[in-house]
Amino acid sequence: MKVPLKPKIIFIPYPAQGHVTPMLHLASAFLSRGFSPVVMTPGSIHRRISTTNEDLGITFLALSDGLERPDALPSDFFSIERSMENIMPSQLERFLLDEDAGVACVVVDLLASWAIKVADRCGVPVAGFWPVMLAAYRMIESIPELVRTGIVSRKGCPRQPEKPLLLPEQPLLYAGDLLWLIGTPTAQKRRFKFWQRTLERVKSLRWILVNSFKDEYEREFINKDNNNQNPKILYVGPSHNQAATSDKSLTKNPSFWEEDRSCLGWLQEQKPNSVIYISFGSWVSPIGESKIRKLALALEASGRPFIWALNRVWQEGLPPGFVHRVKNQGRIVPWAPQIEVLKNDSVGCYLTHCGWNSTMEAVASCRRLVCYPVAGDQFVNSRYIVDVWKIGVRISGFGEKEVEDGLRKVMEDEEMGERLKKLRDKAMGNEARLCLDNSFTIFKDDICGYSI
Ligand SMILES: O=c1ccn([C@@H]2O[C@H](COP(=O)(O)OP(=O)(O)O[C@H]3O[C@H](CO)[C@@H](O)[C@H](O)[C@H]3O)[C@@H](O)[C@H]2O)c(=O)[nH]1
């Protein structure tokens, strides 16, 4: 069967805010390039994103995940994994086998690799979507080599966390930065297995669409054309660029939670470059109550104005009397309108967990970063931010001195602003947009010439 004129393309994001956001931007970019996108998410997420984006021209469908949550609060990694492996596949399979569906391709977040298997079984072409830096994917791709050379054990435990990984075309990344080193030793081993299984499934892919820009690392750019690789690596990010190259696109990020916009007016009244914005993203591992208390005291001691995005549950752990004492110094909101906050000239720097979306949003607004990576790809992102792009500093704790030193360093580095502008141009400027357009053209040509 030949693909119909307006090919239907199914998007399967991993069910978390930091994954659904870039996938929705991608779906929107495909919409403006003549595809008919369908985004499938678990019911709790579906309810949030479908009602706020109903006029877009994207079809939203709900999958049952067996974890019905009324408020889209994050579930833990392993219960999501169980429902992805056991509950969602038959629903996607029924949809794909439906003759009327006429699906040209399924785009699958690599963290939701269950859907690769289903699409393969149904004979539908499938592309992987990698939501973060290519550098982080290179770590996953190198698992067999890391085991072979003994850098990690057969169960994924690094023998020496401070040992360099020496991955081709990458700056110095260390064994302790590996993506699966989250939580207890048992959890780390289970995550390692998760990635090994993902890697197995990736073998059948023809394309990986990467939510990043070419030449993340300068040396990779030189004389290197990824298009001969299998799967083909196509740069389709970062999400901001998709919006800039589409005539019909998401105007704002889809948010699982209500934004508290009350901080914007206050922000407007602050001096330029004075406010610290603090957020540790939406998911993975919260930083923990004692660290939150420590950070609160360090912020208070700094005397600097701040906006802190901290959900209500964690706000309960703030030091007694803190909220009252800082009522003129800062604002604490459960969920901030982050992009608007970062765009505001009063913001001087962003204390961040280094999630990839947040990192790129900060670059888009040329905001300096104080990095406190917590989990997963955030360690790799932070290495790039600090050592490669030199647009931020890393702190390893929330003691008053550590925080103050970190803030002073980024605020006083006169060249950091210039480096940020250069990076923004490289990642989101004309050349990056041409590269992104080229990726869509290659992919579209491939897909439209493909018989299913
Ligand atoms: O108060 C807030 C806090 C966050 N955001 C938005 O939420 C998103 C957060 O994304 P990200 O910075 O990537 O962090 P996480 O939500 O923690 O994302 C997970 O997914 C990302 C993509 O896979 C990974 O890079 C991260 O490490 C992982 O924690 C961004 O678009 C923010 O603008 C808000 O709008 N308001």
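Atoms within each ligand, like the ligands themselves, are counted from 1 in listed order. Numbers here simply count residues along the sequence, with the first being 1.
- Checked for salt-bridge contact, Glu200 and Lys203 meet the test: a charged N lies under 4.0 Å from a carboxylate O.
- For ligand 1, the polar-atom distance check finds an N/O of Asn357 within less than 3.5 Å of one of the ligand's N/O atoms.
- Heavy-atom contacts of Ala336 reach the following atoms of ligand 1: 1 (O), 2 (C), 34 (C), 35 (O), 36 (N) (cutoff under 4.0 Å).
- In this structure, Arg331 is not positioned above the aromatic face of Phe306 in the sense of NZ or CZ being under 6.0 Å from the six-membered ring centre and within 45° of the axis.
- When Glu340, His19, Gln338 are checked for heavy-atom proximity to atom 23 (O) of ligand 1, His19 turns out nearest.
- Residue-ligand proximity, Gln378 to ligand 1, at heavy-atom distances under 4.0 Å covers atoms 26 (C), 27 (O), 28 (C), 29 (O).
- Under a 4.0 angstrom heavy-atom cut-off, Gly376 registers as lying outside contact with ligand 1.
- Listed by number with element, the atoms of ligand 1 under 4.0 Å from a non-hydrogen atom of Ser282 are 15 (P), 16 (O), 17 (O).
- Close contacts between ligand 1 and Asp377 involve ligand atoms 24 (C), 25 (O), 26 (C), 27 (O) [criterion: under 4.0 Å to a heavy atom].
- Ion pair Glu404/Arg304 flagged as a salt bridge, since at least one NZ, NE, NH1 or NH2 atom sits closer than 4.0 Å to an Asp/Glu carboxylate oxygen.
- In this pair, Phe280 and Tyr372 present their aromatic rings perpendicular. The plane angle is above 60°, beyond the 30 to 60° band.
- In this structure, Glu259 falls outside the shell of residues with a heavy atom less than 4.0 angstrom from ligand 1.
- In terms of polar-atom proximity, Glu361 is counted as a contact of ligand 1, with an N or O under 3.5 Å from an N or O of the ligand.
- Annotation: cation-pi pair Arg191/Phe77 present, NZ/CZ under 6.0 Å from the ring centroid and within 45° of its normal.
- Residue Ala309 approaches ligand 1 through these ligand atoms, each under 4.0 Å from one of its heavy atoms: 1 (O).
- A salt bridge links Arg201 with Glu85; the closest basic N to acidic carboxylate O contact falls under 4.0 Å.
- Judged by a 6.0 Å distance limit and a 45° cone about the ring axis, Arg33 is positioned over the six-membered ring of Phe440.
- Ionic pairing of Lys421 and Glu418 is present here: one or more N-O contacts between side-chain nitrogen and carboxylate oxygen are shorter than 4.0 angstrom.
- The His353 neighbourhood of ligand 1 comprises atoms 12 (O), 14 (O), 15 (P), 17 (O), with distances under 4.0 Å to a heavy atom of that residue.
- In this structure, Ser279 has a heavy atom closer than 4.0 Å to ligand 1.
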